[in-house]
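Residue numbers run from 1 in the order of the sequence given. The model shown is predicted, which means the values in this text are computed figures rather than measured ones.
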Amino acid sequence: MRKDLSSQIKLDRIPKRYYNPDSEIEAAALRREEKINTRIFENVHEGATFLANEIARYIKRYVDMKGKCVLALGSGISTHPVYAQLIKMYKEGRVNFSNVIIFNISEFFPLHPGGPSTMARMEDVFLKHIDIRPENVRTINPAITKETMYDYCQEYEQSIADEGGIDVALCEIAPNGTIAFNEPGSQASSYCRLVLLGNETRHRISKEFKCDDVPTTAITLGMANLVSARRLLTMAWGENSSDIIFRTVDEHATPAVPASLLQGHPHVKVVTDLAGAENLTRISKPWKVTSCDWNDKLIRRAIVWLCEMTQKPILKLTDKDYNDWGLGELLALYGSAYNVNIKIFNDLQHTITGWPGGKPNADDTYRPERAHPYPKRVIVFSPHPDDDVISMGGTLKRLVDQHHDVHVAYETSGNIAVGDEDMMRYFLMMDKIAPIFGFDNENYKRLSNEVSGFVHNKKTGDVDSHDIREIKTMIRQAEATIACNYIGVKPGHIHFLRLPFYETGTIKKGELEQRDVDIIIKLLRDVKPHEIFVAGDLADPHGTHKVCTDAVLAAIDELKDEEWLADCRIWMYRGAWAEWEIDHIEMAVPISPEELRFKRNSILKHQSQMENAPFLGDDDRLFWQRAEERNRATAQLYQNLGLASYEAIEAFVQYKPL
């Protein structure tokens with residue numbers, strides 16, 4: 001079973017010279033927008049290997065120079081691949097830590113027994129696997145109090161100074177720009193101190209530490225402490241980090257992005273993979289810093305950018321616009337602005353279709369979906385029991401209305417996203433109607449009392465009982481069924497797969513296993529679809545989406561030699577957080593005002609996921625609001641480019657089995 005196929009999806013073809021230039025002269029040109037020395041690697045493994053080699057090199061240098069090396073280490077999840085490489089190097093005899101002193105960069109406060117601890121995690125993923133001396137590991141004393149906090153922080157700084165200062169600091173850049181626990185707003189002059197953790201950081205900690213009870217405060221070395229290190233290594237991986245890498249490296253320093261305050265340090269390196277670097281100028285807009293290896297997608301991206309810069313639609317761009325904004329190369333390639341304009345205009349026009357399942361008996365030469373067979377058998381895979389309507393509710397309705405044989409497969413129960421209040425609403429109602437309908441027997445009374453008692457005594461972090469999880473599953477299944485009925489999906493075509501990896505009752509989920517994939521394989525073989533829709537949130541905020549996508553792609557991989565799959569197209573949609581970039585969109589389905597209202601109503605059928613949903617994050621908008629604003633923004637972008645004006649658009653990218 002190939003588990004991690006979603007991470008291998010590459011929507012861009014990035015020439016190697018953009019991220020690994022052949023000469024220092026070319027590198028200087030490519031990096032002229034960058035204010036920090038940034039190294040880009042093709043994948044996380046290569047980046048982590050580079051960082052591990054850098055640390056090993058610095059350890060040898062400082063041990064040879066002064067008999068010891070002082071490291072300040074973070075334990076964020078992005079550092080773990082680096083530690084894995086260092087452990088490998090240690091076992092191979094290429095580095096030793098006997099003369100290394102380690103200071104923990106940050107720690108939660110207060111520390112609770114069994115609760116999250118950065119030091120405990122560092123021990124688990126790194127320290128217990130190497131030859132570090134216990135007395136050489138320094139961390140925050142869990143016995144300190146708020147009254148002694150100020151003096152203790154000064155003592156911790158003094159202990160670093162007593163060792164001659166930090167030689168090398170290693171820590172990650174979080175998606176909001178936090179470095180160590182220096183939250184947005186931290187000043188360049190900040191020192192070791194107690195900090196309040198922001199909501200976004202706490203959500204991330206909850207996910208990374210697989211816990212529900214996250215401390216609200218922590219002790220951290222400040223920005224001034226980090227900048228005082230002789231060598232500073234930071235990293236961030238993946239598409240979800242691309243925006244903050246850009247703001248850290250390409251934009252001007254600001255306390256709103258603490259990581260950007262590292263600008264100006266003479267020996268700092270930011271290391272990332274291609275996905276994390278995708279917003280850097282040399283990757284996303286290479287025409288601004290070098291001559292380009294032009295392909296259709298890059299040309300489309302450049303023209304969309306040029307339209308934004310000039311505030312013109314595509315067909316009004318002139319030769320002067322191209323020359324003024326550094327895109328004269330395209331004029332040389334195509335002869336004139338008109339030739340480029342008409343090519344890109346037609347490319348974008350051909351992505352738009354009101355027939356997401358293909359229009360029967362029509363010329364499909366320039367349509368995203370083929371005309372035949374008609375009607376098609378379609379499966380929409382939804383990670384949670386509402387992602388289908390949030391992400392592609394308008395398209396789903398179109399497929400049903402155009403008489404395709406539509407199946408919806410909900411991959412997980414989504415039961416942990418049902419709040420206790422939502423569940424108790426149903427029990428309050430059932431308690432009233434039980435005598436009327438004659439089910440006020442001892443079994444029901446026992447269940448009602450057990451549930452009420454559990455909820456009343458429930459503490460943060462307590463895992464729901466099996467009965468409660470089943471009840472919450474039923475609530476989500478009922479909501480999904482009502483939404484499907486509203487759309488017109490046949491009752492027998494609603495599938496609740498309940499993949500086993502999800503059923504732990506906690507935020508922490510199990511690993512994707514063959515039994516999960518086998519459930520999807522059975523459904524695919526039973527239906528033999530002509531069209532599959534699957535979540536493509538490669539920067540997934542939940543984690544569950546990626547596992548669900550990997551499960552579907554693993555199943556497709558195992559079935560790829562079966563004849564029916566050769567006649568099946570696979571489309572990836574995105575969720576409420578982001579849309580596909582326009583240079584990647586291959587199918588754009590227009591949504592009318594009436595259809596958008598219908599989509600909103602279908603989302604609202606999921607009542608338990610409205611205001612009380614636990615994973616709304618820092619975004620105050622409800623799911624239907626996020627979805628509508630995202631779909632309207634896509635339509636507005638198409639309109640700004642000079643294409644037809646629609647109320648909203650849902651966008652898709654085709655997946656071709658690897």
Side-chain angles (χ1 to χ4, degrees), residues 11 243 284 296-297 299-317 341-359 366-369 380 386-402 487 533 535-537 539 571-604 619 621-654:
L11 301 178
D243 179 60
S284 66
D296 287 349
K297 285 188 175 182
I299 294 170
R300 192 196 289 190
R301 185 190 306 168
I303 302 314
V304 170
W305 171 80
L306 183 58
C307 290
E308 183 182 347
M309 294 297 100
T310 60
Q311 296 293 294
K312 289 182 178 181
I314 293 172
L315 296 179
K316 288 189 177 181
L317 295 172
N341 295 349
I342 201 69
K343 169 185 168 48
I344 299 304
F345 183 87
N346 286 335
D347 285 351
L348 287 169
Q349 182 67 46
H350 294 154
T351 65
I352 301 173
T353 180
W355 296 80
K359 187 174 183 179
Y366 298 110
R367 291 179 177 272
E369 252 299 350
V380 175
D386 57 354
D387 290 311
D388 55 332
V389 289
I390 291 172
S391 303
M392 53 170 291
T395 302
L396 182 56
K397 177 65 174 168
R398 282 280 180 91
L399 291 165
V400 171
D401 289 349
Q402 291 167 1
I487 290 169
F533 290 86
D537 287 303
W571 295 100
M572 297 188 295
Y573 61 81
R574 282 202 159 173
W577 285 266
E579 186 56 276
W580 298 111
E581 295 81 4
I582 197 164
D583 43 308
H584 300 315
I585 294 173
E586 293 171 283
M587 180 163 68
V589 180
I591 308 295
S592 70
E594 291 77 14
E595 289 170 324
L596 194 61
R597 283 195 294 272
F598 195 98
K599 173 176 177 172
R600 179 195 305 177
N601 290 338
S602 64
I603 296 172
L604 291 172
D619 192 332
R621 297 173 299 165
L622 302 180
F623 286 128
W624 68 265
Q625 292 171 318
R626 300 188 206 190
E628 285 191 10
E629 290 177 25
R630 185 200 68 184
N631 295 156
R632 284 195 173 109
T634 304
Q636 186 63 53
L637 178 56
Y638 270 77
Q639 181 181 337
N640 293 345
L641 296 173
L643 291 106
S645 176
Y646 297 103
E647 179 70 12
I649 287 177
E650 292 175 341
F652 303 86
V653 169
Q654 188 177 359

Going through the checks in order, is the side-chain contact (heavy atoms from CB on, under 4.5 Å) test met by Leu596 and Arg600?
-> CA-CA 6 Å; Leu596 194 61; Arg600 179 195 305 177; over 6 Å; no
Is there a side-chain contact (heavy atoms from CB on, under 4.5 Å) between Arg621 and Glu629 once you walk through the steps?
-> CA-CA 10 Å; Arg621 297 173 299 165; Glu629 290 177 25; 2.9 Å; yes
Would Gln349 and Tyr366 count as a side-chain contact (heavy atoms from CB on, under 4.5 Å) if you check the C-alpha gap in whole Å, the side-chain angles of each, and the deciding distance to 0.1 Å?
-> CA-CA 9 Å; Gln349 182 67 46; Tyr366 298 110; over 6 Å; no
If you compare all heavy atoms of [X] against all heavy atoms of [Y], which two are closest, and at what distance to 0.1 Å?
X: Val389; Y: Lys599; answer: O-CE, 3.2 Å
X: Thr353; Y: Pro368; answer: CG2-CG, 3.8 Å
X: Gln639; Y: Ser645; answer: OE1-OG, 2.9 Å
X: Glu647; Y: Ile591; answer: CB-O, 3.3 Å
X: Ala635; Y: Ala648; answer: CB-CA, 3.6 Å

Results of ring-ring contact (aromatic ring centres under 6.0 Å, His included) for Trp355 - residues two or more places apart only = none
When you compare the side chain of [Y] with that of [X], does any pair of heavy atoms fall below 4.5 Å?
X: Trp624; Y: Leu604; answer: yes
X: Pro356; Y: Arg398; answer: yes
X: Trp571; Y: Met587; answer: yes
X: Ser602; Y: Lys397; answer: no

Which residues pass the side chain to side chain contact (heavy atoms under 4.5 Å, CB included) test with Asn640, sequence neighbours left out?
-> Gln636
For residues Thr395 and Glu650, is any side-chain donor paired with an opposing acceptor at under 3.5 Å?
-> yes
Answer yes if the side chains of Asn341 and Lys316 hold a donor-acceptor pair under 3.5 Å, and no otherwise.
-> no
Taking atom [atom1] of [X] and atom [atom2] of [Y], what is their separation to the nearest 0.5 Å?
X: Ile342; Y: Ile314; atom1: CD1; atom2: CD1; answer: 9.5 Å
X: Lys297; Y: Asp583; atom1: NZ; atom2: CG; answer: 7.5 Å
X: Asp296; Y: Arg300; atom1: CG; atom2: CZ; answer: 8.5 Å
X: Phe345; Y: Leu317; atom1: CZ; atom2: CG; answer: 12.0 Å
X: Asp386; Y: Ile603; atom1: CG; atom2: CD1; answer: 8.0 Å
X: Leu348; Y: His350; atom1: CG; atom2: NE2; answer: 10.0 Å

Just by distance, do the side chain of Arg367 and the backbone of Gly358 share a donor-acceptor pair under 3.5 Å?
-> no
Where the side chain of Gln625 meets the backbone of Leu622, is there a donor-acceptor pair that is under 3.5 Å apart?
-> yes
In sequence, state the C-alpha distance, the side-chain angles, and the governing distance for Trp580 and Glu586, and then conclude on side-chain hydrogen bond (donor to acceptor under 3.5 Å, both in side chains).
-> CA-CA 10 Å; Trp580 298 111; Glu586 293 171 283; over 6 Å; no
Sorted by chain and number, sequence neighbours left out, side-chain hydrogen bond (donor to acceptor under 3.5 Å, both in side chains) with Thr351 holds for Tyr638
Are Ile352 and Leu643 close enough, and set up right, to give a side-chain contact (heavy atoms from CB on, under 4.5 Å), and what steps lead you there?
-> CA-CA 10 Å; Ile352 301 173; Leu643 291 106; 4.0 Å; yes
Side chain to side chain contact (heavy atoms under 4.5 Å, CB included) test vs Leu641 passes for just one of Ile344, Val304, Leu315, namely Val304
